[in-house]
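This report refers to the structure that appears directly beneath it.
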Amino acid sequence: MRILVTGGAGFIGSHLIDRLMTDGHEVICLDNFYTGRKQNVLKWIGNPYFEMIRHDITEPIRLEVDQIYHLACPASPVHYQYNAIKTVKTNVIGTLNMLGLAKRVKARIFLASTSEVYGDPEVHPQTETYWGNVNPIGIRSCYDEGKRMAETLTFDYHRSNGVDVRVVRIFNTYGPRMLPNDGRVVSNFIVQALQGKALTVYGDGSQTRSFCYVSDLVEGFLRLMNGDFIGPVNLGNPDEYTILQLAETIQRMVNPDAKVTYEPLPQDDPQKRQPDISRAKKYLNNWQPTVPLEAGLEKTIAYFRDRLEA
Ligand code: NAD
Ligand code: UDP
């Protein structure tokens with residue numbers, strides 16, 4: 001198949017491309033390199049089945065493809081808040097453009113949505129039937145509401161125009177190729193510990209997250225895209241940790257001498273987050289994560305160690 005991956009030079013997109021290329025597909029990677037890097041897909045450049053296009057999805061584009069994985073959007077709060085209006089445009093206009101493309105060429109389109117659609121959740125763990133608790137005017141809303149609108153558009157194109165869609169809600173995912181300055185918690189703590197700096201815990205560290213290793217996520221993507229269930233479906237690792245527990249784990253694994261400092265909790269930071277993955281198990285051939293936190297952290301730490309040395 002000829003497959004378009006928007007945001008393909010980013011963290012998750014580049015791991016997805018590795019799988020698609022290895023499986024023998026023809027891949028078009030479309031990215032504006034805001035948080036993505038050519039280095040993430042370097043090994044495919046020059047391969048006749050791989051094509052890289054520098055393009056911003058807020059502008060229309062004409063391509064002929066069979067499937068679209070639509071991932072383009074900055075994912076770290078630091079990056080999506082840097083230009084909040086651009087984040088809304090990417091989620092709304094960008095998703096409209098990709099849905100229009102899917103409609104024109106009759107491609108199946110997969111939307112990378114997020115656990116952020118649940119906001120600061122009052123239901124725990126979060127099931128797909130929960131409608132969420134999102135502040136519509138806060139500093140996270142460009143992303144949260146942007147993704148909610150992207151989901152709305154996707155389901156309306158499905159209902160009104162018969163577009164073949166798949167929607168995944170991704171929970172916190174980590175692994176090699178995150179940016180050292182990404183700003184998300186796993187990369188921050190690892191880079192800080194490697195550099196002998198203090199690990200910056202926001203708030204008292206009692207807020208929770210559930211961390212999924214990127215290869216588990218990509219496996220779930222392929223099952224959803226190539227199955228019959230349209231979603232939305234949660235993909236994430238249900239093992240839940242407080243942020244302080246994560247800091248202590250990384251401290252122990254990288255640098256027991258690294259200190260922990262406490263900084264103010266950002267506005268609207270969700271207190272807890274854990275996916276209910278019953279739907280994924282039921283519809284995605286018993287999908288569940290296989291990589292435990294420490295095993296995934298080992299690989300991620302090794303990546304950052306190499307990258308910082310380079
Ligand atoms: P990332 O920032 O590494 O990747 C995003 C990619 O999109 C980058 O390569 C960036 O350059 C590109 N991009 C951004 N705006 C663009 C635009 N207007 N036009 C073209 N390209 C653009 O982030 P990631 O962690 O790989 O996230 C990928 C997707 O998964 C995003 O849609 C994100 O919202 C979603 N997601 C990720 C997580 C996670 O924990 N990593 C959680 C929930 C959802
Ligand atoms: N966090 C932290 N220190 C950091 C970066 C993040 O304590 O250096 C916290 C953040 O406040 C949040 C959690 O870690 O409670 C996860 O943050 P991240 O930005 O990785 O993802 P999100 O909040 O979008 O789930």
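Computation of the quantities below employed the complete heavy-atom set of this structure, encompassing side-chain atoms and omitting hydrogens, waters and symmetry-equivalent molecules. Keep in mind that this is a model prediction, so the values were computed, not measured.
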inquiry  = Less than 3.5 Å apart, any donor N or O on the side chain of Q67 or N226 sitting next to an acceptor on the other?
reply    = yes

query = Is it true that atom CE of M253 has more than 12 heavy atoms of other residues, nucleotides or ligands lying nearer than 6.0 Å?
reply = yes

key: Side chains of H15 and F11 in contact at under 4.5 Å (non-hydrogen atoms)   = yes

request  = With the side chain counted from C-beta on, respond yes when R140 and Y80 share a heavy-atom pair under 4.5 Å apart, and no when they do not.
outcome  = yes

task = Take H25 and R2, measure what side-chain contact (heavy atoms from CB on, under 4.5 Å) needs, and give me the verdict at the end.
result = CA-CA 6 Å; H25 296 290; R2 185 185 290 162; over 6 Å; no

ask   = Could you go step by step and tell me if E59 and K89 meet the salt bridge (charged side-chain N to carboxylate O under 4.0 Å, His left out) rule?
value = CA-CA 10 Å; E59 302 291 339; K89 285 185 183 169; over 6 Å; no

task = Find out whether T35 and D182 are in side-chain contact, i.e. whether some heavy atom of one side chain is under 4.5 Å from a heavy atom of the other.
result = no

task = Indicate the ring-plane relationship of Y69 and F110, choosing parallel, tilted or perpendicular according to the 30° and 60° boundaries.
result = tilted

query = Any side-chain heavy atom of L4 within less than 4.5 Å of one from V27?
reply = no

query = Does any donor atom in the side chain of T200 or E263 lie under 3.5 Å from an acceptor atom in the other side chain?
reply = no

request  = State, without any angle test, whether T290 and D216 hold a side-chain donor-acceptor pair at a distance under 3.5 Å.
outcome  = yes

key: Side-chain donor-acceptor pair present, Q126, H124, cut-off under 3.5 Å   = yes

request  = Carefully, step by step, assess D56 and R54 under the rule salt bridge (charged side-chain N to carboxylate O under 4.0 Å, His left out).
outcome  = CA-CA 7 Å; D56 193 307; R54 180 190 288 265; over 6 Å; no

query = Between R37 and F33, does a side-chain contact (heavy atoms from CB on, under 4.5 Å) hold up when you go through it step by step?
reply = CA-CA 6 Å; R37 309 164 73 220; F33 299 113; 5.7 Å; no

message = Between R279 and N234, is there a side-chain heavy-atom distance shorter than 4.5 Å?
response = no

ask   = Roughly how far apart are Y34 OH and T90 OG1, rounded to 0.5 Å?
value = 9.5 Å

task = Applying side-chain hydrogen bond (donor to acceptor under 3.5 Å, both in side chains) between R273 and each of T208, D120, N172, report the one that passes.
result = N172

ask   = Among side-chain atoms of T6 and H70, is any donor-acceptor pair under 3.5 angstrom?
value = yes

request  = Evaluate the side-chain proximity of S187 to F304: yes if any heavy-atom separation is below 4.5 Å, no if none is.
outcome  = yes

task = Inspect the surroundings of OH in Y49 and state if more than 12 heavy atoms from other residues, nucleotides or ligands are less than 6.0 Å away.
result = no

key: Donor on one side chain, acceptor on other, R169 and Y118, under 3.5 Å   = yes

message = Do P264 and Y202 have side chains that approach each other closer than 4.5 Å (heavy atoms only, starting at C-beta)?
response = no

ask   = Do I277 and P275 come close enough that some side-chain heavy atom pair is under 4.5 Å?
value = yes

Spacing of R148 atom CZ and W131 atom CH2 [to the nearest 0.5 Å] = 10.0 Å

ask   = Any side-chain donor-acceptor pair under 3.5 Å between D18 and W44?
value = yes

request  = Output the distance between atom CD (Q39) and atom CZ (R177), rounded to the nearest 0.5 Å.
outcome  = 11.0 Å

